[in-house]
There are 2 protein chains.
Amino acid sequence: MPRTSSTRAPGGAVTLQQVAAAAGVSLATASRVLHGSGGRRVAEALAERVTTAASELRYVAHAPAQSLARSRSTVVGVLVHDIADPYFAAIAAGAMDVAREHDLMVLVANTFRDPGLERDYLARLRAQRARAVLLAGSAFVGEPFAEEVAAFAESGGRVAAIGAHGTGIDTVEPDQYGGGRLMAEHLVSLGHREIGVITGPAGLATVAQRLAGFTSVVARPRLVHADFTREGGRAATHELLTRHPELTAVFALNDLMAAGALAALRELGRPVPERVSVAGFDDLPVATDLTPALTTVRLRLAEIGARAMRLLLDDEPVGRLVPAEAELVVRESTGQASTLH
Amino acid sequence: MPRTSSTRAPGGAVTLQQVAAAAGVSLATASRVLHGSGGRRVAEALAERVTTAASELRYVAHAPAQSLARSRSTVVGVLVHDIADPYFAAIAAGAMDVAREHDLMVLVANTFRDPGLERDYLARLRAQRARAVLLAGSAFVGEPFAEEVAAFAESGGRVAAIGAHGTGIDTVEPDQYGGGRLMAEHLVSLGHREIGVITGPAGLATVAQRLAGFTSVVARPRLVHADFTREGGRAATHELLTRHPELTAVFALNDLMAAGALAALRELGRPVPERVSVAGFDDLPVATDLTPALTTVRLRLAEIGARAMRLLLDDEPVGRLVPAEAELVVRESTGQASTLH
DNA sequence: TCGCAGGCGGAAAGCGCTTTCCACCCCCTT
DNA sequence: AAGGGGGTGGAAAGCGCTTTCCGCCTGCGA
């Protein structure tokens with residue numbers, strides 16, 4: 001039985017007031033003991049009484065009230081296109097790890113690549129006074145998103161992005177371009193000259209950069225746009241090989257599409273890599289388990305997410321650009337260009 | 001230039017006060033216009049002035065202040081073992097979808113199967129006054145977690161779980177037992193008698209139930225415990241087949257481990273399914289892309305996550321139990337038991 | 001012995017919003 | 001024409017916490 005007459009809060013939650021009463025001290029003292037920030041110390045004995053009372057009552061501070069009083073919250077936001085996509089899941093996991101080290105909670109928003117939803121979520125993150133937000137999805141080129149980002153920053157939040165989202169915000173920039181180039185060089189070195197590329201939605205920055213890197217080596221690949229999914233890759237591969245049966249290699253701009261490509265080639269009865277080589281991008285865990293195991297470009301996604309979160313949480317000036325290396329991972333799905341066609 | 005003399009808030013954020021001043025109305029009126037809940041109407045003209053001022057100033061309500069005043073927040077929590085695991089990612093995605101329909105933000109907490117972290121996060125969710133929390137990770141049998149769950153519920157939050165976490169909370173219960181049984185029946189019907197089972201960590205409820213379902217049909221399978229990962233599955237398969245070369249089928253209690261099992265059998269040179277059949281559980285997207293395509297038990301994870309979130313957000317009494325069906329998906333990794341060994 | 005400084009607890013003023021009253025105005029009724 | 005009622009805006013009291021002052025008490029030096 002608490003020895004205070006103050007009633008329980010509506011939700012039934014214990015308040016600091018109650019803790020203070022139970023400990024026989026003032027609200028101020030209780031606050032100083034439990035969340036004491038400002039250099040002020042409280043005598044041993046009192047502090048003890050307060051902490052005891054708090055734990056007996058299972059007190060946890062009302063975070064919204066704290067945010068209000070301190071005018072800073074303990075949540076950060078992560079905006080992803082789709083958390084069920086292992087690409088984003090890996091980034092989010094890395095970011096959440098770092099957030100935990102800093103005792104922050106993470107609000108995850110699934111935007112489904114819908115620019116409207118993206119803006120909306122960003123506004124709501126601003127409403128929450130999230131300390132920072134990580135834009136993990138690759139930007140749509142030229143989307144009218146900058147305004148909302150600016151509003152967020154203006155209201156005191158930090159912003160960082162994976163891949164360029166504009167100037168003035170911290171960015172972790174995976175070397176998409178370099179990755180594309182590496183893969184092109186790899187395929188060329190294997191003798192491939194007729195290469196098809198399965199790209200994602202036009203206008204997705206990631207796609208553009210990977211492709212640009214590739215075409216810096218292979219001038220005019222056969223292109224086909226598709227959904228950034230397994231199914232998209234499968235359909236695109238069928239289309240590609242129907243129109244260009246002479247192709248000896250297919251480069252899918254992500255691993256999901258590459259998985260679809262492998263499925264399609266199996267359906268078409270073209271052995272990989274003997275007849276057609278296949279390559280992907282991202283090095284998702286699934287890459288190893290495909291048959292044949294997928295040659296791809298590795299992005300250390302968890303690491304990238306973690307770095308971005310660190311950028312958000314340190315006290316350095318903003319606008320930094322941290323590169324993240326792309327690395328060629330050669331497995332079994334690529335081989336010498338077949339000479340017969 | 002706002003026509004009020006009130007300064008900008010520290011963070012630089014616009015306050016309702018400023019909006020009210022700009023619109024030339026009182027705080028109360030502005031609040032009623034923008035977030036007006038209690039049946040009260042405001043005259044057309046005034047309302048118009050307020051909304052205009054608000055959008056011109058890019059006002060968004062301070063969510064923590066709102067939470068405090070209304071004593072209810074707009075966030076819900078989702079506790080998962082690891083968001084990078086596609087199993088949990090799918091559940092979370094389903095849940096987030098429903099949350100969005102209800103205009104709620106989702107706090108995701110990665111617990112890494114660490115009971116301490118789990119309790120900790122739950123307390124912090126309570127601190128945030130999260131409206132509800134979804135316990136997506138399968139419980140450890142008998143963990144001292146109930147206390148914290150009770151505290152959360154007591155302080156006014158709803159709790160739901162995937163898989164049983166105790167009585168008195170809403171539960172979506174995937175038919176783990178039934179799934180295990182289905183797979184056992186399938187393997188038996190193919191003539192398998194010597195079956196090895198690769199289980200996850202002992203003490204994980206999911207594991208126990210899947211296994212129980214299986215052993216209800218196949219009395220004493222060869223068991224080996226492993227990490228609930230691809231690597232765990234690979235190592236376990238090596239161990240299993242070394243000790244019991246007579247096995248004609250391996251049932252891995254999740255798809256990740258099954259992928260590892262397939263890899264191990266490839267290394268061992270035992271063709272699947274001709275020599276050894278392999279089965280998994282969950283039907284993750286990767287299952288189709290394995291070679292041979294994996295026979296497994298399908299759990300509609302996104303649907304399960306969505307249902308659980310709906311349980312959390314409706315107004316029905318708590319303590320409900322919603323079953324979720326498990327479904328056998330036969331692909332190429334299982335076949336007739338080989339007679340030669 | 002008195003004065004003063006330093007240390008430490010408490011009162012109270014917010015933080016930005018919601019919501020209950022209260023007051024006012026206008027119009028309708030008798 | 002006067003009284004009353006409905007409708008609508010505003011003042012103010014919180015929501016639970018932090019943090020600035022303020023003032024008390026103690027202990028030390030002169």
Side-chain angles (χ1 to χ4, degrees), chain A residues 4 6-50 54 57 59-74 126-129 155-156, chain B residues 4 6-50 54 57 59-74 126-129 155-156:
Chain A
T4 166
S6 59
T7 55
R8 289 213 133 200
V14 178
T15 69
L16 224 209
Q17 186 64 261
Q18 294 171 18
V19 173
V25 302
S26 77
L27 193 54
T29 301
S31 172
R32 284 196 270 255
V33 171
L34 296 177
H35 321 291
S37 47
R40 280 288 296 269
R41 285 183 39 213
V42 173
E44 233 1 77
L46 279 201
E48 174 92 22
R49 293 225 306 272
V50 172
L57 295 173
Y59 169 76
V60 292
H62 191 296
Q66 261 180 325
S67 301
L68 181 58
R70 292 189 175 143
S71 56
R72 81 190 313 225
S73 76
T74 58
R126 177 156 65 99
Q128 296 288 341
R129 297 306 187 267
S155 76
Chain B
T4 164
S6 59
T7 56
R8 293 210 130 202
V14 179
T15 69
L16 223 209
Q17 186 62 261
Q18 295 171 18
V19 173
V25 302
S26 79
L27 193 54
T29 302
S31 172
R32 284 197 269 255
V33 171
L34 296 177
H35 321 291
S37 47
R40 279 288 295 268
R41 285 186 36 214
V42 173
E44 218 24 59
L46 279 200
E48 173 91 21
R49 293 224 305 273
V50 172
L57 295 173
Y59 170 75
V60 291
H62 191 297
Q66 262 180 324
S67 301
L68 181 57
R70 293 188 174 145
S71 56
R72 82 191 312 227
S73 76
T74 58
R126 175 155 67 99
Q128 297 287 342
R129 297 307 187 266
S155 76

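Values in this document were obtained by computation on a predicted structure and should not be read as measured data.
- Atom CG in Leu68(A) sits 11.5 Å away from atom CD in Gln66(B) (nearest 0.5 Å).
- Nearer to the 5' terminus of DNA chain D, by closest-nucleotide assignment, is the contact made by Leu68(B) (compared with the other of Leu68(B) and Ala28(A)).
- The distance from the CZ atom of Arg32(B) to the CG atom of Leu27(B) is 10.0 Å, given to the nearest 0.5 Å.
- Inter-residue side-chain proximity for Val33(B) and Leu46(B) is flagged as unmet; no heavy-atom pair is nearer than 4.5 Å.
- The side chain of His35(B) has dT18(C) as its nearest neighbour among dT18(D), dC15(D), dT18(C).
- With dC17(C), dG10(C), dG10(D) as the choices, the nucleotide that has an atom nearest any side-chain atom of Val25(B) turns out to be dG10(D).
- Atom-to-atom, CZ of Arg70(B) to P of dA13(D) comes out at 22 Å; the value is rounded to the nearest Å.
- Under 4.0 angstrom from either OP1 or OP2 of dG16(D) there lies no side-chain N or O belonging to Gln66(A).
- When rounded to the nearest whole Å, the span between NE2 of His62(A) and C1' of dC15(C) equals 13 Å.
- The CD-C1' distance, from Glu44(B) to dG9(D), rounds to 16 Å in whole Å.
- Atom OG of Ser67(B) and atom CD of Gln128(B) lie 9.0 Å apart (nearest 0.5 Å).
- Within 3.5 Å, a donor on the side chain of Arg32(A) pairs with an acceptor on the base of dG10(C), or the reverse.
- Nearest-nucleotide positions on DNA chain C place Leu46(A) closer to the 5' end than the other of Ala69(A) and Leu46(A).
- Closest to the side chain of Leu27(A), from the set dT19(C), dT18(D), dG16(D), is dT18(D).
- Contact annotation: Ser31(B) reaches the phosphate of dT18(C) (side-chain N/O to OP1 or OP2, under 4.0 Å).
- Two residues, Leu16(A) and Ala43(B), neighbour DNA chain D, and the one matched to the more 5' nucleotide by heavy-atom proximity is Ala43(B).
- How far CD of Gln17(B) is from OG of Ser31(B): 11.5 Å, rounded to the nearest 0.5 Å.
- The distance from atom CG of Leu34(A) to atom C1' of dT18(D) is 13 Å, rounded to the nearest whole Å.
- One can place CD of Gln17(B) at 13 Å from C1' of dG14(C), the figure rounded to the nearest angstrom.
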